[in-house]
Each structure stands twice: as C-alpha cells, then as structure tokens.
Amino acid sequence: MGGPLGAIIGRYPSAAGGGEDELGPGGGDGIIQHDRKCQDLAFLVLFAGFWVAMIVNSSFGFNQGDPLRLTYELDYKGNVCGSRHGDPDLHELDVKYWMNPNQVYQSGVKDNKIDLADAKAICLMECPIPSADGLNFVCDYPEGDIRLSVDDWINRDYDYFEFLTPDMRNSSLQLQGPCYPVIFPSINVYWSCQFIARASNVSLKHWQQMGGINIDENILIDKTIHKAVNSKSAVLKRYVADIGKSWPVLFVCGGLLPLFLSVVWLLMIRYFVAAMPWITVVLFNALLISVTMFCYMKGGWLGNDPLTVVIGESDPYVHISGQEISHLHAATVVMTVIMIIAFLCSIAIIRRILIATPVLKVAAKVIGEVQALIIFPVVPYIILAIFYMFWFSATLHLFSSGQVLRNDCNTDCCSYDLKLGKVNCDNCCGYSMHYTPHIGVAILFHLFGCYWATQFFIACSSTVIAGSVASYYWARGELSHEIPFVTVVSSLRRLLRYSLGSVAIGSLVVSVVEWVRFILDCLRRKLKLVNSARESCFGKMTSSSSQCCLGCIDWTLKSVNRNAYIMIAITGKGFFKASVVATGLIMNNILRIGKVNVIGDVILFLGKLCVSLLCALFAFLMLDTHKYKSAHNKISSPLVPVLVSWGLGYIVAKLFFQVVEMSIDTIILSFCQDAEEHQGNAQYAPPILMETMEEQSELQRLTQGP
C-alpha cells in the first residue's frame with residue numbers, strides 16, 4: 001500500500017512536512033492535503049494531440065461533405081437531386097427517375113454489362129404516372145435547341161415531345177431520348193421512383209402504334225430498383241440522414257428531457273430515499289413495456305399506423321417493403337426478449353430491494369451535506385452538449401464526403417445529346433459516390449473520438465465528485481461551513497491542475513478495450529457470414545469464449561477505473577498507482593463490503609435506464625407526428641433517432657447518477673482505509689454509514705430466507 005493514507009487524506013500531519021491547503025491557508029491540516037504534482041503528462045499531451053486530430057478530421061468532412069447526398073440520389077450528370085448547385089438548378093426536383101425502362105430491366109439481368117447506376121436518370125418533383133387515355137413522355141432537361149426554361153418544363157409535366165424535330169422523335173422511339181415514354185406506374189420510395197411491374201395497356205398500345213421499339217415487362221424492372229434502394233450503403237446513408245432530420249427530437253429527448261428527469265431523480269433520492277428502489281423497479285418495467293408496444297405499432301404488428309417506405313400518397317393495394325421495416329421487426333423481437341427477462345429479474349430481486357435502501361441513504365446524506373453536487377453535473381453536461389452538436393454535424397458531413405465520379409463502365413448504349421444535337425454513344429456511364437479507404441478510416445476515428453471524449457468528461461466529473469465526497473468524509477464535524485460548495489470547487493481545481501493526464505489514460509484504456517471488442521465482433525460476424533456452412537463447434541466455442549473474456553475484462557477495467565478515479569482525487573497519484581491502491585483496499589475488505597453496494601448499483605443502473613427509456617418513449621411520440629411522416633422531413637425509420645435519444649439520455653443520466661454512485665463508492669473506500677488505519681474501527685465514518693454497515697448483516701439475513 002505504500003504507507004498510511006492518513007498522512008494524505010486524514011487529520012495527521014503531512015508526511016512531507018506540510019503541503020498546500022486546497023481549501024485555504026494554513027498548510028498543516030487541510031481536509032485533503034498532499035504535495036501534489038502533475039501526473040501522467042505524456043497521456044495529457046496525447047489527449048491534446050487527439051483533439052487536434054479530431055478538429056483536422058472534422059474539417060475534412062466539412063470541406064468535402066454535403067448532407068444532401070445522404071437523402072437524395074444522383075442524376076445522369078452527377079448532380080445531387082434537390083441541390084441548388086446543380087446544372088440545371090434542381091432545388092425543387094428531389095426524386096430520381098430512371099427514364100429508360102429497358103435499361104432498368106437489362107441492369108437486373110444476370111451477367112449483363114449495364115449497371116443500374118449507369119442507366120439514364122433525371123431528377124423530378126414527383127414520380128410520373130401513365131396517362132389514362134394516351135401516352136405521356138418524360139423528356140430530358142431542356143437545353144440546346146429546346147428553348148424552354150426549367151419552370152416551363154416542370155409546368156408541362158416534363159413533356160416537350162411535340163417540339164421535337166423528326167430526328168429527335170425517331171431517336172425517342174428507339175429509347176435513345178431525349179424523350180422517353182411513361183409506361184409503368186412508379187411510387188416515390190425514399191426519393192427514388194420505384195417502378196411497379198404492371199405496364200399500362202393504354203400507354204403501351206399508343207407506344208406501339210407510334211412505332212416504338214419493344215419494352216420489356218418483366219418483374220425484374222421492379223426488383224432491380226428495389227434492390228438498389230435497399231442496399232446496405234443506401235440504408236446506412238438514410239439512417240445517418242435521419243439523425244440530421246430529427247435534430248429537434250434529439251435536442252429535446254436527448255438533451256433537455258434527461259437533464260430535467262435526472263435532477264428530479266436526485267431530488268427524490270434526497271427526500272424520498274426509502275421509496276426510490278420500489279419506484280425505480282416498477283417504473284422501469286412500465287417504460288420497457290411502453291417502448292416495446294411502440295415498436296410493435298411501428299412495425300405493423302399492432303394497430304393500423306405502421307412504418308411506410310413510401311413518401312407521399314400511394315396505392316393502398318401496392319405493398320412495398322424495405323430494410324428499415326425488417327430492422328424494426330428485429331428490434332421489436334429483441335425488445336420483447338429484454339422485456340420478459342427484465343420482468344423475471346425484477347421478480348427475483350424483490351426480496352433484496354430492501355438492501356439498497358440503507359446504501360442510498362448514505363448517498364442522500366452526502367448530497368444533503370455537499371449541496372453543490374446536485375448542481376455540478378450541469379458543467380460537464382454543457383461541455384458534452386457543445387461537443388455533441390459539433391460531433392453530429394461533423395458526422396453528417398463525413399458520411400457524405402465521398403467524391404462524385406463517373407463510373408468506369410463497359411456499356412454499349414447511346415442517347416440523344418441536346419447540346420451536341422445528335423445521338424452520342426460515348427458518354428453512357430453514370431455517376432456514383434466513391435468512398436476511398438481513408439474516408440472509412442476517418443469515420444472510424446471520428447466514432448472512436450466520440451467514445452473517448454465522452455469517457456473522458458464522465459471520468460473528470462467522477463473525479464471531482466470523489467474529491468468532494470472524500471473531503472466530506474475526512475472532515476466530519478470540522479469545516480462544515482465549507483463543505484456544501486467549496487469542496488466541489490477545490491476538487492475541480494485539483495483535477496484541472498494535477499490529474500487531467502491520469503483521467504485521460506483511464507478513459508483511453510476503457511475506450512481501446514471497447515473498440516477491440518467492437519472490431520472483433522465485426523470480424524466474427526463477417527467470418528460467420530462467409531463460413532456459415534462450415535463453422536465448426538470449436539470455432540463457435542472459441543468465438544464465444546473470446547467475446548466472454550473481453551466482456552469480463554471490460555467490466556473489470558470499468559470497475560477498477562471508477563475506484564482509481566476516487567484514489568486519484570484523494571491522493572493525487574497517477575492512474576496506475578491509484579489503481580493499485582484502490583484494488584488493494586477492496587481486496588483487503590472484500591468480505592466486509594462485497595455485498596454492501598451490489599443491489600445499490602443495480603437500482604442505480606435501473607434508474608439510468610428509466611431516464612433513457614423515458615427519453616426513447618418521448619422520441620417515439622415526437623417522431624409519430626405528421627412533420628416526420630411526410631415531405632422532406634420524413635425519416636426512413638424512427639429506429640436510429642430513438643436509439644440516439646436513448647443513448648444521449650443514458651449519458652446525461654450517468655453524469656447525474658454518478659453523484660450517487662461515486663458518493664457511495666468514495667465513502668466505502670474511505671471507510672475501508674479509515675478502518676485499516678485504526679485497527680478495524682473507523683474514526684471518521686459518519687454515523688449513518690456505521691448504521692448502514694450494521695443493518696446490512698441483519699437485512700441480508702432477513703432476505704436470504706430460511
């Protein structure tokens with residue numbers, strides 16, 4: 001252990017001959033004294049370098065990205081539909097429409113050279129429909145010899161066939177443009193016109209009478225577009241775009257609501273501590289059931305308001321599925337399983353809930369004495385709020401920062417070029433978004449950076465709270481007028497002056513382990529997909545064992561980190577030395593404190609889930625309004641915004657709930673050291689802690705049963 005901690009955190013003279021008093025003048029007997037020095041400076045420099053890299057990385061996204069690309073598609077010229085910077089101006093033309101139905105069909109034929117990305121497509125205001133008594137055309141953007149403005153072209157429903165020269169008409173009848181017949185009905189599915197493989201007999205008859213070439217009516221014309229719209233990359237882009245569209249929901253349900261709920265929960269712990277374990281368990285189960293029912297409703301398994309992939313009105317007899325609906329169904333099944341398990345676990349811990357009350361009473365007493373602890377989490381909350389606003393904005397730009405490049409295709413096709421005034425067979429290739437490997441690395445670094453920064457700010461908050469509570473414990477009965485507010489300010493000053501590097505390495509260790517787990521899990525899933533038929537029992541066992549081991553390591557590190565932050569706040573040691581001291585204290589007193597805090601941690605965890613589930617429930621309610629079901633604000637699925645609201649709500653709840661968590665852990669660690677230095681009799685322990693320790697054995701005996 002390296003000597004008694006009383007010289008550092010107790011009322012003994014400083015081992016160094018008197019150090020700086022953190023609470024005021026008089027260097028011999030401060031509440032927390034030590035000749036501190038800056039610790040783990042190398043990791044503080046590393047963290048500063050990380051922030052520089054985050055800013056540079058985000059700047060690349062802001063410079064190259066365009067969030068419109070996440071929602072809207074590209075036309076045959078490489079313009080983003082809906083963009084004001086296209087040629088022509090497309091700010092009112094949001095929907096991608098493939099003009100040549102034969103190209104769409106051929107792109108779906110196996111081993112065909114043409115790809116759907118190379119089929120000629122333009123941007124329209126809405127998907128065209130066949131004429132009921134004739135034949136409609138959709139013509140290319142007006143330019144060259146076609147003397148029409150874009151507005152006139154739109155007002156004419158994109159049809160200027162009557163103005164074509166004989167050569168242009170003949171080219172159009174060969175499906176080479178500039179005008180193409182509207183034979184198949186289409187529906188706006190996520191801003192792409194999904195063809196319905198049900199040709200209009202009237203339009204097809206008129207087309208044949210005009211001498212038009214044969215048009216394929218195969219079901220592939222439907223499936224090809226459906227496959228492209230539901231590709232993994234397209235679904236991922238829509239999910240990221242949903243975050244940008246639903247920012248008011250995230251602001252309310254991921255920011256303001258959890259702040260309010262967390263403060264209310266802390267106040268209830270302060271004044272209604274005996275009832276809080278029961279309220280938390282009941283509320284948790286009620287909220288879990290409510291969120292699960294919303295999943296059933298949006299998945300179409302309950303009620304009559306399911307998620308739809310169609311934007312605007314559609315034929316009720318035409319059913320179009322999407323990957324988002326499948327994902328929502330999977331989430332519903334997962335939520336159902338979690339709900340059942342949670343309910344059974346709640347029944348199992350009913351007899352042990354009484355054990356949590358005395359532990360929470362200790363925390364309530366600390367909060368009552370150190371009143372600034374209720375307010376302090378607002379500081380890291382504001383810092384994290386600013387960081388997340390910057391981070392989410394950078395995320396939208398990074399995910400859309402690919403280059404719009406012409407495809408390298410081998411297609412034999414021709415189309416009429418209005419600028420050249422003739423059929424051109426040289427520019428058949430379309431445009432696509434191309435993502436280079438360094439963009440993928442930039443996105444992964446951006447995601448890792450978010451996790452590390454979040455862990456860092458939470459760790460800073462934990463360290464400040466631990467220092468404040470330790471001051472309260474070791475100054476029992478003295479300097480009471482300084483306890484409510486000055487201890488928090490002093491603890492924050494010590495952190496900023498001496499221990500930022502230690503907090504940086506602690507948060508980095510957890511972040512690295514979490515990301516190793518994430519990468520290994522991704523590799524495991526890929527290997528499972530590739531070798532699903534040949535996966536051996538040994539391979540399955542090895543994979544499961546590695547995941548289990550990494551999970552245990554992660555849980556252990558988080559537990560050690562939390563206690564290390566307490567010893568950093570108290571002793572001013574570096575991260576690794578503080579971890580050794582904290583672990584030694586716990587191991588020496590494991591039989592004494594092992595069961596004191598377990599149920600309390602469970603109740604606090606359920607409390608954080610209550611706050612986050614309530615945020616998710618309100619997000620569902622806000623997203624279920626007309627604003628997010630129609631027009632440009634329509635989200636592809638409520639799944640991602642709800643999950644983000646849940647995650648943000650949990651982080652905010654963690655910031656505030658750790659006031660209680662760190663209070664309990666700091667008091668218990670201080671109690672262990674106090675008892676160790678005084679032959680098993682703690683001298684500075686508050687009376688309520690001593691009562692709790694005595695009650696614990698009796699409560700455990702009562703709850704164990706015969």
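Partners of Phe343 according to the ring pair (Phe, Tyr, Trp, His ring centres under 6.0 Å) rule, which considers only residues two or more places apart in sequence or in another chain, do not exist here. For Phe392, there are no ring pair (Phe, Tyr, Trp, His ring centres under 6.0 Å) partners, not counting sequence neighbours. Residues forming a side-chain contact (heavy atoms from CB on, under 4.5 Å) with Ala364 (at least two apart in sequence, or on another chain): Ile269, Val273. Partners of His446 under the side chain to side chain donor-acceptor pair (under 3.5 Å) rule, at least two apart in sequence or in another chain, are Trp391, Thr395. Val252 pairs by the side-chain contact (heavy atoms from CB on, under 4.5 Å) definition with Met622, not counting sequence neighbours. Under the rule for a side-chain contact (heavy atoms from CB on, under 4.5 Å), the partners of Leu496 that lie at least two apart in sequence or sit in another chain are Leu492, Leu500. In terms of the side-chain contact (heavy atoms from CB on, under 4.5 Å) criterion, residue partners of Leu396 (sequence neighbours excluded) are, by chain and number, Pro67, Leu70, Val240. Looking at residues two or more places apart in sequence or on another chain, you find no side chain to side chain donor-acceptor pair (under 3.5 Å) involving Asn561.
Atom CG in Leu639 sits 9.5 Å away from atom CG in Asp242 (nearest 0.5 Å). Rounded to the nearest 0.5 angstrom, Leu447 CG and Leu444 CG are separated by 6.5 Å.
In this structure, the side chain of Gln39 does not engage the main chain of Phe575 through any donor-acceptor pair within 3.5 Å. Counting only distance, with no hydrogens or angles, the side chain of Tyr498 and the backbone of Ile568 share no donor-acceptor pair below 3.5 Å.
The stretch residues 502-513 participates, sequence neighbours left out, in these side chain to side chain donor-acceptor pair (under 3.5 Å) pairs: Asp40-Ser502, Trp452-Ser507. Annotation: side chain to side chain donor-acceptor pair (under 3.5 Å) contacts involving residues 48-60, sequence neighbours excluded, are absent.
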Show me the side-chain donor-acceptor pairs of residues 453-462 shorter than 3.5 Å, one per line, residues at least two apart or across chains.
from	atom 1	to	atom 2	distance (Å)
Thr454	OG1	Tyr388	OH	2.7
Thr454	OG1	Cys450	O	2.8
Gln455	NE2	Tyr451	OH	3.4
Ser461	OG	Gln658	NE2	2.7
Ser462	OG	Ile458	O	3.0
Ser462	OG	Gln658	OE1	2.6

Could you tabulate the donor-acceptor pairs under 3.5 Å formed by side-chain atoms of residues 605-621, not counting sequence neighbours?
from	atom 1	to	atom 2	distance (Å)
Lys608	NZ	Glu661	OE2	3.0
Ser612	OG	Lys608	O	3.1
Ser612	OG	Leu609	O	3.0
Ser612	OG	Trp646	NE1	3.1

